[in-house]
Amino acid sequence: MPQVRVRFAPSPTGPLHIGGVRTALYNYLFARKLKGTLILRIEDTDQTRFVEGAEEYIMDSMKWCGLVFDEGINEGGNCGPYRQTDRKHLYRQYADMLFDSGHAYYAFDSPEELDELRKKSEKEGKTFIYNAGVREKLSNSISLSDVEWNAKLDRGEPYVIRFMMPHDEDIHVDDIIRGHIVVNTGTLDDKVLFKSDGMPTYHLANIVDDHLMEISHVIRGEEWLPSLPLHFMVYRAFGWNPPAFAHLPLLLKPDGKGKLSKRDGDKLGFPVFPLFWPYGEKARGYREEGYYSEAFINMLALLGWNPGTEQEIFSMDELIDAFSLERVGKSGSRFDPEKAKWFNHQYLQKRTNNQLALEFREFLRAKGYHVDIVRLEMLVGLVKERVSFVKDIWEQTDFFFKAPEEYDPEAIKKRWQENTSAVLKELIPVLHDVADFTVPATESAVKSWIESKGYNTGAVMNALRLVIVGTLRGPQMFDIISWIGKEETIKRIEKGLFVIGK
RNA sequence: GGUCCAUUCGUCUAGUGGCUAGGACGUCAGGUUUUCAUCCUGGUAACAGGGGUUCGAUUCCCCUAUGGACUACCA
């Protein structure tokens with residue numbers, strides 16, 4: 001079996017969409033699974049769409065996701081350079097090869113002229129296709145005499161090099177995910193391979209580079225499926241064996257129709273990009289939102305692929321082990337932000353209290369709280385299972401750090417009875433007498449006091465919760481009061497009695 | 001409009017020429033709990049429609065519908 005070599009080839013035109021991350025991930029999994037080589041190639045042949053910072057963003061995203069490349073602009077390798085603008089000098093000779101072998105020709109039609117023709121056809125309800133049907137009537141090296149078009153060349157008139165698509169031929173192509181596809185060349189056009197600005201188009205650069213870099217499998221988004229017949233034809237014209245192809249299904253909007261876009265994220269409140277994008281129209285990222293990259297990757301892996309078992313939580317190594325292109329689905333997947341959260345919840349549960357305490361300490365530091373790590377470990381242990389993100393811990397524990405400023409009126413109505421004030425007043429000395437303010441000590445003291453007085457446990461505990469927390473929520477009461485300490489507990493009871501009590 | 005691709009619970013999906021069509025997320029109900037949440041148990045819910053082929057189709061074929069991608073000197 002020949003060496004497996006795959007590539008991820010994004011364009012630096014803005015932040016990398018999570019669909020792109022998934023494409024990179026599947027390439028990575030495939031390469032690792034088959035002990036192959038993964039290449040990062042930057043496809044920046046369209047200089048008009050180049051965006052500053054995008055290339056770096058791609059690298060940072062890959063790094064955060066744990067996707068490591070074997071060859072690329074940072075890693076180096078024997079097939080470089082790995083940025084297409086740095087390979088510019090290569091492409092012209094390949095376009096010429098196609099011209100010399102009669103598979104391509106020069107075309108002088110201006111974009112405006114072609115636009116005009118397209119509009120005209122559209123008005124007549126027809127589709128303008130630059131192909132065998134019309135190329136004789138347009139301005140190119142087929143329709144013009146050798147003298148004429150050479151004169152244009154000499155005069156420096158702008159031109160492109162187009163692929164000469166056969167008039168009427170059924171092309172059979174194979175895709176690992178879609179199977180066998182047949183397309184007639186009559187519906188295809190003479191695609192531009194080489195632009196008038198001296199740069200190749202995607203179609204030429206992609207094929208030349210994939211060939212030169214000895215790519216064995218092209219794994220890319222479904223948006224390329226319509227170009228597959230063209231790519232097969234170009235490989236054939238060069239006399240090269242094409243790689244195997246796998247076209248991945250698209251990521252769709254959670255609601256409504258169409259593919260996932262930045263707008264959906266803004267509208268529904270979830271990120272569509274791995275990292276925060278700080279330029280121009282800013283965009284939020286999964287990293288900044290508090291996702292663990294492992295959870296993000298796990299979630300993305302299961303969107304369009306499944307292992308055929310009921311396992312859902314996968315480490316990267318497990319993904320590599322289980323992955324195969326055959327188990328990638330054919331249809332587009334709607335993105336589900338709820339499930340994404342669930343994945344993060346699962347990963348957060350697997351963290352140790354120490355890890356979470358360290359992470360939460362960073363969060364607290366920003367709020368101006370400095371807490372001993374051992375106490376934080378206890379704290380996160382109390383609320384860990386109820387949160388999906390580290391930042392959620394704060395919402396669950398804010399009352400550990402500060403006394404309530406107001407008391408939930410609904411809760412007062414429900415839990416503050418005639419004798420509540422008197423009972424809580426009695427509780428103060430009981431707590432005061434607890435020497436070691438631990439959970440078991442406070443619990444046993446309070447419970448025996450309740451029993452001896454014949455009070456209702458629920459009533460006492462809820463009232464206590466109300467003055468300590470401010471509302472009816474949170475972990476076990478004894479965990480809370482033990483953590484905040486005797487002094488603070490009594491202070492809060494007194495304050496509660498003063499504000500609520502009569 | 002043209003070309004190509006797709007279609008199983010609301011969502012991600014498993015699956016088979018004969019199954020009570022399975023799991024997960026969500027949702028609903030019950031239980032546990034001093035509260036809330038978690039958690040546990042249970043429920044809800046799907047083979048787009050119509051023709052074939054077949055003893056029998058969710059599964060194979062065709063058509064329709066719907067959705068999507070592409071249709072640039074963008075990738």
Side-chain angles (χ1 to χ4, degrees), chain A residues 9-13 43-46 48-49 84 107 109-111 114-115 118 121-122 125-129 158-162 173 175 177-179 181-184 186-189 191-203 205-206 220-229 247 249-250 252 254-255 257-259 299 302-312 327 329-343 345 349 383-387 396 411 414-415 446-447 450 456-466 469 471-478:
Chain A
S11 291
T13 55
E43 308 219 330
D44 55 351
T45 53
D46 184 359
T48 64
R49 292 212 306 161
Q84 288 183 330
D109 323 87
S110 72
L114 293 174
D115 241 24
R118 270 188 273 268
S121 292
E122 200 179 323
K126 288 187 287 198
T127 310
F128 174 78
I129 307 180
Y159 65 93
V160 299
I161 299 175
R162 284 180 181 273
V173 298
D175 182 277
I177 294 166
R178 319 265 147 191
I181 299 166
V182 183
V183 181
N184 190 282
T187 65
L188 271 22
D189 62 346
K191 272 274 178 288
V192 172
L193 297 178
F194 199 83
K195 299 184 271 190
S196 58
D197 66 356
M199 288 297 281
T201 60
Y202 170 86
H203 301 104
N206 191 264
R220 71 216 317 185
E222 185 181 317
E223 67 270 25
W224 292 109
L225 196 54
S227 318
L228 186 55
H247 288 89
L250 263 17
L252 274 19
D255 63 343
K257 310 170 191 309
K259 65 173 176 181
M299 177 269 296
L302 271 295
L303 216 50
W305 169 85
N306 75 82
T309 66
E310 285 177 3
Q311 182 178 354
E312 291 201 274
R327 293 207 66 88
K330 290 175 170 37
S331 53
S333 312
R334 274 174 195 259
F335 180 75
D336 182 0
E338 286 303 317
K339 188 101 186 206
K341 280 184 199 157
W342 177 81
F343 273 108
H345 179 84
Q349 301 316 311
V383 297
K384 163 180 189 179
E385 16 180 73
R386 51 178 81 200
V387 302
Q396 298 291 336
K414 199 169 156 199
R415 296 293 183 183
V446 172
K447 284 199 168 162
I450 288 175
N456 176 288
T457 306
V460 176
M461 298 310 290
N462 279 302
L464 179 59
R465 180 176 296 280
L466 189 46
V469 176
T471 182
L472 267 23
R473 68 185 171 96
Q476 299 289 311
M477 270 323 293
F478 299 108

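Quantities reported herein were computed from a predicted structural model and do not represent experimental measurements. Letters A, B, ... are given to chains in the order of the sequence lines, protein chains preceding strands, and every chain is numbered from 1.
Between A/Pro307 and A/Leu302 there is a side-chain heavy-atom pair separated by less than 4.5 Å. Between A/Leu193 and A/His203, some side-chain heavy-atom pair lies under the 4.5 Å cut-off. A/Leu188 has its side chain within reach of A/Pro229: a pair of non-hydrogen atoms, C-beta onward, lies under 4.5 Å apart.
Under the Watson-Crick and G-U wobble criteria, each requiring two contacts below 3.5 Å, nucleotide B/C25 is paired to B/G10. Pairing of B/C39, defined by two Watson-Crick or G-U wobble distances under 3.5 Å, is identified with B/G31. Base pairing analysis places B/U20 opposite nothing; no Watson-Crick or G-U wobble pair with both distances below 3.5 Å involves it. B/C47 is unpaired under the criterion used here, namely a Watson-Crick or G-U wobble arrangement in which both key atom distances are under 3.5 Å. B/G1: Watson-Crick or G-U partner is B/U71, with both key distances under 3.5 Å.
For A/Arg465 against B/U35, a side-chain N or O and a base N or O form a donor-acceptor pair under 3.5 Å.
With respect to A/Glu222, the salt bridge (charged side-chain N to carboxylate O under 4.0 Å, His left out) criterion is satisfied by exactly one of A/Arg178, A/Lys330, A/Lys259: A/Arg178.
To the nearest whole angstrom, the two P atoms, one in B/G15 and one in B/C9, are 15 Å apart. Comparing B/G50 with B/U59, their P atoms are spaced 12 Å from each other, to the whole Å. B/U16 and B/A21 have their C1' atoms separated by 9 Å, given to the nearest Å. Rounded to the nearest Å, the gap between the P atom of B/G68 and that of B/U53 is 35 Å. Look at the P atom in both B/U58 and B/C47: the space between them is 10 Å, to the nearest Å. B/A46 and B/U8: their P atoms are spaced 14 Å apart (whole Å). B/C62 sits 16 Å from B/U54 when the C1' atoms are compared, rounded to a whole Å. Distance noted for atom P between B/U32 and B/A14: 39 Å (whole Å).
With sequence neighbours excluded, the residues forming a salt bridge (Lys or Arg N to Asp or Glu O under 4.0 Å) with A/Asp189 are A/Lys191, listed by chain and number. In this structure, the side chain to side chain contact (heavy atoms under 4.5 Å, CB included) partners of A/Gln349, at least two apart in sequence or on a different chain, are A/His345, A/Lys384, A/Glu385. A/Arg327 pairs by the salt bridge (Lys or Arg N to Asp or Glu O under 4.0 Å) definition with nothing, not counting sequence neighbours. Contacts of A/Lys341 classified as salt bridge (Lys or Arg N to Asp or Glu O under 4.0 Å), with partners at least two apart in sequence or in another chain: A/Glu338. Under the side chain to side chain contact (heavy atoms under 4.5 Å, CB included) criterion, A/Pro111 pairs with no residue at all, not counting sequence neighbours. Residues satisfying the side-chain hydrogen bond (donor to acceptor under 3.5 Å, both in side chains) test with A/Tyr202, not counting sequence neighbours, are A/Asn206, A/Arg220. Taking A/Lys447 as the reference, A/Glu443 meet the salt bridge (Lys or Arg N to Asp or Glu O under 4.0 Å) condition, with sequence neighbours excluded. Partners of A/Gln84 according to the side-chain hydrogen bond (donor to acceptor under 3.5 Å, both in side chains) rule, which considers only residues two or more places apart in sequence or in another chain, are A/Glu43, A/Asp209.
Scanning both residues, A/Met199 and A/Thr45, for their nearest heavy atoms gives CE-CA, 3.6 Å. Contact between A/Ile450 and A/Met461 at its shortest, heavy atoms only, is CD1-SD, 4.4 Å.
For the pair A/Val183 and A/Met477, nearest-nucleotide mapping onto RNA chain B gives the more 5' position to A/Val183.
Within 4.0 Å (heavy atoms only), A/Leu464 reaches no atom of the nucleic acid at all. Across all strands, A/Gly258 comes closer than 4.0 Å only to sugar-phosphate atoms, never to a base (heavy-atom distances).
The A/Leu250 side chain lies nearest to B/G68 when the options are B/G68, B/U33, B/G26. Comparing B/C5, B/A24, B/U35 by their closest approach to the side chain of A/Glu222 singles out B/C5.
Put simply, CZ on A/Arg415 is 11 Å from P on B/U34, counting in whole angstrom units. If you take NZ of A/Lys330 and C1' of B/C5, they are 10 Å apart, rounded to a whole angstrom. Put simply, CZ on A/Arg178 is 13 Å from P on B/A69, counting in whole angstrom units. The NZ atom of A/Lys341 sits 10 Å away from the P atom of B/U27 (whole-angstrom rounding). Distance CD (A/Gln311) to P (B/A14): 16 Å, rounded to an integer number of Å. Taking atom CE of residue A/Met461 and atom P of nucleotide B/U33, one finds them 14 Å apart after rounding to whole Å.
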| remark: Protein-proximity profile, nucleotides 70-75 of chain B, B/S/- by nucleotide at the 4.0 Å heavy-atom cutoff, equals S-SBBB
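Here the CG atom belonging to A/Asp109 is positioned 6.5 Å from the CZ atom belonging to A/Arg162, to the nearest 0.5 angstrom.
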Nucleotides 62-64 of chain B: which of its N/O atoms have a protein N/O under 3.5 Å away?
none

Distances for protein N/O vs nucleotides 37-41 of chain B N/O pairs under 3.5 angstrom?
from, atom 1, to, atom 2, distance (Å)
B/A37, N3, A/Arg386, NE, 3.3
B/A37, N3, A/Arg386, NH2, 3.0

Return the polar atom pairs (N/O with N/O) between nucleotides 11-13 of chain B and the protein under 3.5 Å, or none.
from, atom 1, to, atom 2, distance (Å)
B/C12, OP1, A/Arg334, N, 2.9
B/C12, O2', A/Leu302, O, 3.3
B/U13, OP1, A/Gly304, N, 3.0
B/U13, OP1, A/Ser333, OG, 2.5
B/U13, O3', A/Asn306, ND2, 2.9

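More than 12 heavy-atom neighbours from other residues, nucleotides or ligands sit within 6.0 angstrom of CD on A/Gln311.
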